[in-house]
Amino acid sequence: MPTTAPSRVPTEVLHHRINAWFQREARDLPWRHDCSAWGILVSEIMLQQTPVVRVQPVWEAWMERWPTPADFAAAPAAEVLRAWGRLGYPRRALRLHAAATEILQKYDGAVPNTYTELLALPGVGTYTAAAVAAFAYGQRTTVVDTNIRRVHARLVIGQALPAPALTAAEMTLAAQLLPEDRDKSVLWNASVMELGALICTARSPKCEQCPVFEQCAWIAAGQPEPTYIPKGQPWAGTDRQVRGAVMAVLRAASSPIHADLLWDAQAAQLHLEVTAELAKLHQLNTHAPQLERALAGLVVDGLAQLSPAGYQLPA
DNA sequence: AAATCGTGGCG
DNA sequence: TCGCCAAGATT
């Protein structure tokens, strides 16, 4: 029995039009040319919730410094976190470090090439495992990221936005849309992602430039508004903001930072090396319990270490 | 399974 | 200006 068609539009038409658009308009990103599986993995981890434009320069420096998992696994955690810089979510850097260690020990330094093995690596979830299998090893995997989810929601379902959380139905749909041919499936995954990133964007999509405007269910439905209100990401006044400010201090410091400096603006002025970062932390006017909570959290997460001399990045 | 976890650019 | 959002993962 043939499965129910996802839409009245033949998938072949979508494949052809979106793939052709990609081959014409795709961005020239460094990890798309002659890139090792390690380079692909690094890019995918960095791109988790961080825009391409911010990742690119860091990725290039990273690959020059640590061309292989073995090179990277040998680096001290503090250097890893400094190299990560301001990409955000620094725990990703630590997980990548742990992944490199595992790659060295279990896979003799070669990034594994199966979805299941990739999925078992620290910091690698369903999206990243599928993406590395596809883009590093040319495998036919169902890649579903925020861009692809949005394109599918509009193009096929006719809704402004995908559901708040990834659903089984979305995975089924994505699997149905995936070309049977291996090479075409790899191209399709990259193409739809790129379409979501450049044309079918979350805010003010460029529908007039879209290669599948005529096939779009959302357009056909009259571009209905979202059926729910995306919940915002609180920031000002949160522990996350404090953690970020503390991490900036620790990254800039070459020696342990005594806890007093994190509190006392007067004492902080004497510590020229981290004056700017401490100033930002002090500007937050964080209460004692919150700073304590943030520091404890950083230590628990392995992002900071406490010794009698003060806080510092992990060795 | 809802909450948590950074950062900065842009509409 | 300020809220939204970005190639998610983890617990």
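The figures that follow rest on heavy atoms only: side chains count, while hydrogens, waters and symmetry mates do not. The sequence lines fix the lettering, A, B, ..., with proteins before strands; numbering per chain opens at 1.
- A donor-acceptor contact closer than 3.5 angstrom is absent between the side chains of A:Thr201 and A:Arg150.
- Proximity note for A:Gln233 (side chain, C-beta onward) versus C:dC5, B:dC5, C:dA7: the nearest is C:dC5.
- For A:Asp264 and A:His282, the side-chain atoms include no donor-acceptor pair closer than 3.5 Å.
- Judged by distance alone with a 3.5 Å cut-off, a donor-acceptor contact links the side chain of A:Thr50 to the base of B:dG6.
- In this structure, the OH atom of A:Tyr127 is 8 Å from the P atom of C:dA9, given to the nearest Å.
- Among the protein residues, A:Val143 comes within range of no part of the nucleic acid, since none of its heavy atoms lies under 4.0 Å from any strand.
- Among B:dC10, B:dC5, C:dA6, the nucleotide with an atom closest to any side-chain atom of A:Asp239 is B:dC5.
- A:Leu119 comes within 4.0 angstrom of nothing in the nucleic acid, heavy atoms only.
- In this structure, A:Thr128 reaches the sugar-phosphate backbone alone: every heavy-atom distance under 4.0 Å involves primed, P, OP1 or OP2 atoms, never a base.
- In this structure, the nucleotide among B:dG6, B:dG11, C:dA7 sitting nearest to the side chain of A:Arg27 is C:dA7.
- Contact annotation for A:Trp84: no contact, since no heavy-atom pair falls under 4.0 Å across all strands.
- The aromatic rings of A:Trp38 and A:Phe72 sit tilted relative to each other, their planes meeting at an angle between 30° and 60°.
- Here A:Ala131 lies out of heavy-atom contact (under 4.0 Å) with every strand.
- For C:dT10, the base has no donor-acceptor partner in the side chain of A:Arg91 [N/O atoms by modelled type, under 3.5 angstrom].
- Closest approach to the A:Arg86 side chain among C:dA7, B:dG6, B:dT7 is made by B:dT7 (side chain taken as heavy atoms from C-beta onward).
- When the nucleotides B:dT7, C:dA7, C:dA9 are ranked by their closest atom to the side chain of A:Arg54, B:dT7 comes out on top.
- The nearest whole Å value for the distance from the OH atom in A:Tyr89 to the P atom in C:dC5 is 14 Å.
- Here the nucleotide nearest the side chain of A:Arg240, chosen from B:dC5, C:dC5, C:dG8, is B:dC5.
- Of the listed nucleotides (C:dA7, C:dG3, B:dG6), B:dG6 has the atom at the smallest distance from the side chain of A:Arg243.
- No contact: A:Leu166 has no heavy atom under 4.0 Å from any strand.
- When heavy atoms are screened at a 4.0 angstrom cut-off, A:Arg251 is found touching the sugar-phosphate backbone but no base atom.
- Nucleic acid contact for A:Arg32: base, since at least one base atom lies under 4.0 Å from a heavy atom of the residue.
- Here the P atom of nucleotide C:dA7 and the CZ atom of A:Phe22 are 14 Å apart, to the nearest Å.
- Each of A:Lys231 and A:Gly125 lies near DNA chain C, and the nucleotide nearest A:Lys231 is the one positioned closer to the 5' end.
- A gap of 23 Å separates the C1' atoms of C:dA7 and B:dA2, to the nearest Å.
- Summary of the strand contacts: A:Thr126 and A:Ala202 both lie near DNA chain C, and taking for each the nucleotide with the nearest heavy atom, the more 5' one is attributed to A:Ala202.
- Side-chain atoms of A:Ser254 and A:Glu273 form a donor-acceptor pair, as typed in the model, at a separation below 3.5 Å.
- Contacts of A:Gly88 with the nucleic acid, taken as non-hydrogen atoms under 4.0 Å apart, include base atoms.
- Applying the 4.0 Å criterion to OP1 and OP2 of C:dA9, one finds that A:Arg95 has every side-chain N and O outside that range.
- The side chain of A:Gln49 contributes an N or O atom lying less than 4.0 Å from OP1 or OP2 of C:dG8.
- Side-chain N/O atoms of A:Tyr89 and A:Arg95 include no donor and acceptor closer than 3.5 Å.
- Counting only N and O atoms by type, the side chains of A:Tyr107 and A:Glu102 include no donor and acceptor under 3.5 Å apart.
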